[in-house]
There are 4 protein chains.
Amino acid sequence: MKSRLNVGVIGLGRLGRVYAEDLTRHVTRANLIAVADTRADVAEIFAREYGIRKWYDNHRDLLSDKDVAAVAVITPTSTHKEVVIEAAREGKAIFCEKPISLSIAEAKQMLETVERSGVFLQMGFQRRFDAGYIEAKKKINAGVIGVPVLITLISRDPFAPPLDFCDPKASGGLIIDMGIHDFDLARMFVGEVKSVYATGGALAYSEMKSVGDIDNALVNLVFENGCLGVVQLSRNAVFGYDIRTEIWGTQGSLQIGYFQHTPVLVMTKEGITHDVVPHFMQRFEKAYRSQIQEFVENVLNGAQPSITGADAIAALQISLAATESFKRNLPVTLGMEKHEAGVS
Amino acid sequence: MKSRLNVGVIGLGRLGRVYAEDLTRHVTRANLIAVADTRADVAEIFAREYGIRKWYDNHRDLLSDKDVAAVAVITPTSTHKEVVIEAAREGKAIFCEKPISLSIAEAKQMLETVERSGVFLQMGFQRRFDAGYIEAKKKINAGVIGVPVLITLISRDPFAPPLDFCDPKASGGLIIDMGIHDFDLARMFVGEVKSVYATGGALAYSEMKSVGDIDNALVNLVFENGCLGVVQLSRNAVFGYDIRTEIWGTQGSLQIGYFQHTPVLVMTKEGITHDVVPHFMQRFEKAYRSQIQEFVENVLNGAQPSITGADAIAALQISLAATESFKRNLPVTLGMEKHEAGVS
Amino acid sequence: MKSRLNVGVIGLGRLGRVYAEDLTRHVTRANLIAVADTRADVAEIFAREYGIRKWYDNHRDLLSDKDVAAVAVITPTSTHKEVVIEAAREGKAIFCEKPISLSIAEAKQMLETVERSGVFLQMGFQRRFDAGYIEAKKKINAGVIGVPVLITLISRDPFAPPLDFCDPKASGGLIIDMGIHDFDLARMFVGEVKSVYATGGALAYSEMKSVGDIDNALVNLVFENGCLGVVQLSRNAVFGYDIRTEIWGTQGSLQIGYFQHTPVLVMTKEGITHDVVPHFMQRFEKAYRSQIQEFVENVLNGAQPSITGADAIAALQISLAATESFKRNLPVTLGMEKHEAGVS
Amino acid sequence: MKSRLNVGVIGLGRLGRVYAEDLTRHVTRANLIAVADTRADVAEIFAREYGIRKWYDNHRDLLSDKDVAAVAVITPTSTHKEVVIEAAREGKAIFCEKPISLSIAEAKQMLETVERSGVFLQMGFQRRFDAGYIEAKKKINAGVIGVPVLITLISRDPFAPPLDFCDPKASGGLIIDMGIHDFDLARMFVGEVKSVYATGGALAYSEMKSVGDIDNALVNLVFENGCLGVVQLSRNAVFGYDIRTEIWGTQGSLQIGYFQHTPVLVMTKEGITHDVVPHFMQRFEKAYRSQIQEFVENVLNGAQPSITGADAIAALQISLAATESFKRNLPVTLGMEKHEAGVS
């Protein structure tokens with residue numbers, strides 16, 4: 001068992017910086033020794049501020065750095081294929097943020113290279129590391145709610161991303177971009193999905209239409225075991241970040257999620273008021289940290305990845321099928337999709 | 001303006017007795033002067049206990065009673081057509097519990113007779129009289145959440161009805177029997193429904209299959225104004241009666257519903273626990289009372305019915321389309337149904 | 001067992017009208033056959049509206065009415081002595097609203113007459129009939145929280161009564177007027193009180209000082225069994241009516257009370273908001289009804305009163321001792337009071 | 001402005017390790033370069049695990065270390081005087097955990113030395129750094145609840161500390177040991193305390209009596225501005241760690257605190273259940289981190305301490321007066337104490 005893992009972070013966008021800061025400050029048994037970003041100044045400034053020894057303006061140089069044993073790939077989705085395949089060829093252990101790709105074919109190509117190279121690959125779906133979801137999974141395994149029969153998953157952002165982020169060519173569209181988290185959880189809690197049906201619209205922000213995206217969607221799921229599910233996606237939860245999951249079993253239900261952010265209740269003539277979780281970092285700050293810590297432990301301990309490439313492909317398949325269903329206004333059976341949505 | 005309304009109640013099942021008791025004890029400006037039930041002893045015992053002057057073992061005798069000015073029709077759905085049509089011909093003001101019928105053709109026939117007779121008809125959808133739903137409607141009208149774009153409606157019973165009640169020939173099946181309340185609310189809050197898609201299954205009680213019913217269903221709605229909706233129906237909320245509605249607008253959301261029944265929180269080593277609303281009478285006791293009170297007032301004051309026959313037909317149409325969608329596993333556009341579900 | 005009880009209500013103030021309406025509309029096995037109020041027009045109008053046969057402009061005439069078997073005494077506290085004593089002499093079963101009196105000597109005199117006359121007397125402390133308090137008592141008896149060791153009782157009004165109601169000569173002052181409910185509950189849950197210490201002030205409404213009353217108080221209790229308690233009284237819960245009790249035992253705690261009145265949660269950029277119980281009638285509507293119903297049953301069934309005159313005196317003694325403690329700024333041991341507070 | 005502060009931690013008990021870990025992993029602009037504990041092995045093991053360069057088996061050696069610019073004193077209260085005075089003489093910036101001492105005379109001696117030496121001293125009351133308390137203070141300053149008139153503070157531990165920790169000679173007794181946090185908050189929110197009255201008892205754990213401590217107490221406060229307060233202390237909140245504060249103003253109220261720890265609600269036939277904050281580290285983990293971070297910033301930036309020695313003495317005075325009041329069963333006016341409780 002090695003004592004510490006030398007890690008490099010590729011991509012210093014909002015989320016990349018979170019992972020890099022976690023690896024520097026809070027994660028044990030890891031040394032963040034290198035960062036890379038195509039914006040050279042971003043990489044340098046970040047590296048200097050956090051005392052990171054090396055910085056690069058491209059992922060290739062970082063990947064060929066022999067001191068780096070593992071990389072976290074937090075780049076735009078469209079670049080995942082190239083970066084992950086090169087990382088695998090360089091023999092690095094790989095952590096890759098979701099979604100693995102917008103294309104099943106691409107994703108499969110990535111996994112083949114990873115497998116051939118024999119490197120470790122773990123996918124990022126941070127909600128699985130949230131205390132609430134962990135506890136819910138335990139309770140279900142312990143039989144607390146009997147057999148699950150129905151799952152409801154809500155993901156609502158307090159505002160829409162900048163329009164260019166919403167371009168389905170880059171993001172895959174709302175159903176992939178937001179929904180993939182919920183599809184992953186649905187699989188974790190209930191099992192494989194057999195068919196999907198989705199409706200949606202640009203109902204709150206008409207400018208969404210100009211880039212071809214929507215801001216609200218409902219995705220029905222039928223699981224292979226006969227269970228039912230529905231995923232509710234929205235960009236206009238103006239009050240805050242609203243992430244809820246309910247799992248309904250034969251003997252009870254579980255609700256995961258919470259609203260109140262600051263533990264203060266204000267009681268005035270206007271009623272009783274509290275604030276709300278502002279956005280995803282406030283909700284999943286600890287989960288992101290646990291996730292990258294667990295990646296480090298898994299690599300150092302020679303353990304299996306907790307979230308595999310196959311998991312990533314399964315969640316992507318549901319996302320794509322749902323996107324296709326929305327476009328065709330018909331239920332779509334998985335494995336029977338006509339074409340891959342979002343990249344057509 | 002007349003000062004008091006002489007009312008007769010037809011049908012003394014569980015809900016009929018509730019209306020009759022409300023009319024005797026709690027409703028002002030009404031005299032319950034007659035009850036009818038095909039079980040003569042039930043009618044007599046009830047009448048004696050509540051001091052009601054007249055009782056009948058059939059609805060015809062009650063309807064031909066000249067002292068009776070108004071009737072509440074709380075009989076099995078399959079008899080609504082006959083009773084309502086005769087009541088109309090006798091010139092009675094009519095309150096009819098939902099659903100109006102399981103057949104659109106039948107329902108239209110009923111409304112034609114009502115119209116020709118010029119009698120007052122008000123339909124029963126008690127949730128509209130719940131303080132929560134009333135307040136939510138007010139807040140939406142006041143613009144508190146901007147423009148509604150998505151609605152979620154949950155109806156969950158704590159247990160399944162006796163199997164013979166579940167026979168879709170009598171009940172119409174889960175989607176009609178339970179869902180019609182939610183479809184009515186959906187219309188009230190968002191508008192007319194354009195198309196539906198439903199999935200479902202007998203997932204908690206396998207004996208449901210023997211009568212051809214299901215115990216869980218998800219119904220997606222697309223409204224004519226482009227908004228989205230989902231209705232979640234379940235018979236296995238073993239913890240209690242779970243009725244929730246969420247309306248998501250461009251400027252905020254409203255959640256209607258509550259869980260805690262008795263205002264006691266128990267804090268022990270097992271955690272913090274409270275009880276739950278047991279069943280629909282505990283949840284909607286006051287709404288049922290307000291509803292029949294308002295019917296009495298509307299008749300006495302010559303006001304318009306707050307819930308019309310057209311409302312009843314609209315909710316039935318959504319229910320039937322959703323049932324058909326479930327059976328065919330395809331989205332169904334309203335007005336384009338192939339055949340009437342539940343009575344095929 | 002008689003089948004119905006002929007009742008008269010004496011005093012048609014706000015609360016008297018509530019009891020009278022309950023007896024007319026909602027209570028079973030009772031006939032409200034007479035009302036009395038010193039304001040003749042109030043009595044007549046009320047009687048006509050509710051179809052009550054007899055009305056009087058003084059309590060004596062009602063008490064000498066041979067048809068009246070039982071009376072509810074809802075007059076100002078200062079008149080309780082006279083009315084209750086005369087009612088006892090007339091052989092009526094008596095329901096008397098709290099407080100029995102502002103003077104222990106007077107209260108004892110009343111009870112002596114009641115006892116000599118052999119009539120039934122039940123005191124009004126409606127909180128004991130609230131579903132929350134009933135359930136809490138059951139859970140404590142069942143050992144759910146082990147042995148109670150500490151009790152916290154909060155009573156907060158949303159606004160101050162009209163100044164003339166606050167005159168301690170009439171009301172006894174805040175600690176008696178509001179606190180007596182909490183002292184009664186404290187006895188019910190924990191046992192007899194040994195000593196008290198109270199602080200208070202006119203902190204929110206300076207005009208209180210002009211009549212010699214206060215608007216906030218804290219009363220510490222030490223029980224004979226060594227347990228501790230604190231009663232918190234306030235007139236400035238501007239957001240609504242705030243009634244809470246917590247009982248802390250060796251194995252857990254119970255919290256009784258709730259805030260939300262209408263089951264609607266509003267979620268906007270301002271946060272998540274709900275309304276609050278407006279005032280005592282919304283909080284204890286059902287408890288008042290149950291209480292007078294139970295009185296009727298107890299009289300008809302020859303049962304013992306659930307809340308006795310001795311209970312009333314015990315709660316009054318705590319109130320008076322606490323008022324004295326506040327005035328002297330010293331702990332006061334019950335039975336050792338120097339003088340009776342509030343009527344000095 | 002210096003860029004980083006070299007810190008030493010003295011005392012590696014449970015809380016000392018928390019501060020030391022925070023300083024190593026999470027606090028920015030600080031280097032933890034030395035630790036000291038009288039248990040040499042504890043110091044060495046901790047230092048090796050966290051990569052701290054120096055460790056000592058006594059505070060003197062650490063204090064004479066010229067590389068150490070600031071120290072966190074997390075030793076038993078009885079040693080605070082000696083350690084703080086020596087630290088001051090060595091010119092170190094000092095962070096000292098509450099309570100400063102159990103004796104006012106001692107505490108004043110400490111502050112005199114600190115002042116003479118001109119060193120920076122900041123006291124530890126971590127609740128002031130909790131997001132809830134910070135937000136509440138802001139809202140009060142913004143006038144959201146008008147003028148505060150009453151404050152309720154609850155501190156309840158889920159279990160009693162080991163008996164030897166409860167010896168009032170070491171801990172000062174329940175009222176000082178637990179209550180001092182609440183007295184500090186009371187001052188922060190409402191102002192200076194004029195008089196106190198306390199009751200208490202060994203009600204849940206009879207073995208407390210053997211060491212002369214109690215497990216439940218109620219402390220009434222009267223503030224110099226006339227406001228009222230009550231502090232409720234308990235060792236038997238078996239369900240979890242229960243920290244609540246309510247501030248009641250002329251225009252509204254604030255409640256600070258929360259119960260639910262993991263965001264999972266379990267809904268079964270037993271009702272709706274959630275878990276509870278287990279103990280103080282789960283509740284105040286972030287507050288401890290913010291507090292020591294702020295100390296580091298204040299020292300580096302030459303800012304004033306946010307919590308002064310005078311604050312520490314004021315909270316201690318209330319604690320001592322309350323302890324005396326409990327012993328004498330009389331209200332005690334601050335500045336008029338007969339003798340110092342807890343160390344008599």
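Residue numbers begin at 1 in each chain, while the letters A, B, ... track the order of the sequences. These figures come from a predicted structure and were not determined experimentally.
Two residues are said to be in side-chain contact when any heavy atoms from C-beta on lie closer than 4.5 Å; C:Phe239 and A:Glu270 fail this criterion.
Both the backbone and the side chain of A:Val238 have a heavy atom closer than 4.5 Å to some heavy atom of chain C. In this structure, no portion of A:Gln260 lies under 4.5 Å from any heavy atom of chain C.
The number of heavy atoms from other shown groups lying within 6.0 Å of CZ (C:Phe159) is above 12.
The one candidate from A:Val276, A:Asp275, A:Ile272 that meets the side chain to side chain contact (heavy atoms under 4.5 Å, CB included) condition with C:Ile272 is A:Val276.
Comparing C:Lys269, C:His261, C:His274 by how many heavy-atom pairs each has under 4.5 Å with chain A, the most go to C:His274.
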